[in-house]
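Some notes on the structure that comes next.
Note that ligands are numbered from 1 as they come in the structure, with each ligand's atoms numbered from 1 the same way. When reading the values below, keep in mind they use all heavy atoms of this one structure, side chains included, and skip hydrogens, waters and symmetry mates.
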Amino acid sequence: MPTDPRPIGVFDSGIGGLSVLKHLARLLPQETFVYLGDTARVPYGNKSAETVRTYSSQCAAFLLTHDVKMIVVACNTASALALDVLRSMVSVPVIGVIEPAAREAAERTRNGHIGVIGTRATIASDSYARSIERFSNGRKLDVHSRPCPLFVPLVEEGWLDSPATRLVAEEYLRPLIANGIDTLVLGCTHYPLLNTVLTAILPGVELIDCGECAAVDALRVLETGPQEPLHMPLIYLYVTDHTPAFTMLARQFLGMPVDEPVRVNVEHLVLPPDIR
Ligand code: DGL
């Protein structure tokens with residue numbers, strides 16, 4: 001059993017963050033997780049930095065009411081725009097998805113050309129490029145970034161490997177192929193589900209799954225190795241809006257069946273004066 005029995009908090013703009021929780025649950029099956037999907041206000045990817053910071057702070061405050069020992073920001077957009085704010089606001093460790101994936105990309109690239117794809121807000125923030133530079137160890141690394149906003153609705157439509165998705169992916173990725181990338185950071189919760197299409201279009205290119213990298217980082221922060229899968233991890237799901245599509249989509253992102261989520265009224269997501 002974990003030495004600290006408090007749960008790990010995870011939040012995302014919606015259900016996409018379950019692709020990150022999937023890796024956390026795989027490596028830390030003895031932990032308890034509290035997941036909040038802000039499904040009433042998704043997407044964050046085309047909102048202003050100020051709005052994303054406010055929403056993210058409210059999500060973190062909600063998780064703290066569950067006495068979490070750590071917060072994993074599963075959303076790339078929130079990680080890109082709100083991580084500093086969150087870290088200054090709360091006293092538990094806050095893990096984002098960008099730093100771990102940037103470190104992995106900087107280590108894995110052979111030719112120094114790294115592609116990054118994400119939402120418009122994530123790419124506009126330049127967070128990945130700055131973070132990759134920080135992990136370059138003085139080596140010259142070229143980061144080629146491209147927003148791919150159509151991928152999110154395609155995944156949510158369940159078009160994971162359809163001709164239309166291939167066409168869109170070819171269009172988005174053409175410039176990155178021309179740049180000669182050998183590593184591609186999937187900088188959005190939804191993109192790992194497009195693995196089949198991306199692998200077909202980018203043979204030989206290493207795909208970096210930020211959820212997997214963040215889960216490894218969580219192990220480091222908790223100072224533990226992968227846990228024995230003694231039982232299924234306990235997962236408490238909360239959403240700010242509940243639609244019939246939830247169960248099917250959640251299962252797809254998490255890779256296992258899920259219980260019905262508990263709905264939280266978005267009006268109740270407020271920032272208490274002191275959320276430490
Ligand atoms: N979860 C978001 C991300 O990883 C994608 C969906 C959204 O735009 O909110 O950036």
Worksheet, complete the sentence: The answer, listing residues by chain and number that come under 4.0 Å of ligand 1 through any heavy atom, is Asp12, Ser13, Val42, Pro43, Tyr44, Gly45, Cys75, Asn76, Thr77, Thr119, Cys188, Thr189

Worksheet item: Does the side chain of Ser13 pick up a donor-acceptor pair with the side chain of Asp38 at under 3.5 Å?
Response: no

Fill in: Residue pairs, two or more places apart or on separate chains, that pass salt bridge (Lys or Arg N to Asp or Glu O under 4.0 Å) and touch residues 42-64
none

Worksheet item: So which pairs with a foot in residues 196-210 pass salt bridge (Lys or Arg N to Asp or Glu O under 4.0 Å), sequence neighbours left out?
Response: Arg108-Glu206

Item to complete: Could you verify whether a donor N or O on one side chain and an acceptor N or O on the other, from Ser162 and Thr165, lie under 3.5 Å apart?
Response: yes

Report all side-chain donor-acceptor pairs from residues 247-261 shorter than 3.5 Å, counting only partners two or more places apart or in another chain.
{"residue": "Thr247", "atom": "OG1", "partner": "Glu260", "partner atom": "OE2", "Å": "3.1"}
{"residue": "Glu260", "atom": "OE1", "partner": "His242", "partner atom": "NE2", "Å": "2.8"}

Discussion item. Between His66 and Tyr238, is there a side-chain donor-acceptor contact under 3.5 Å, judged purely by atom types and distance?
Written reply: yes

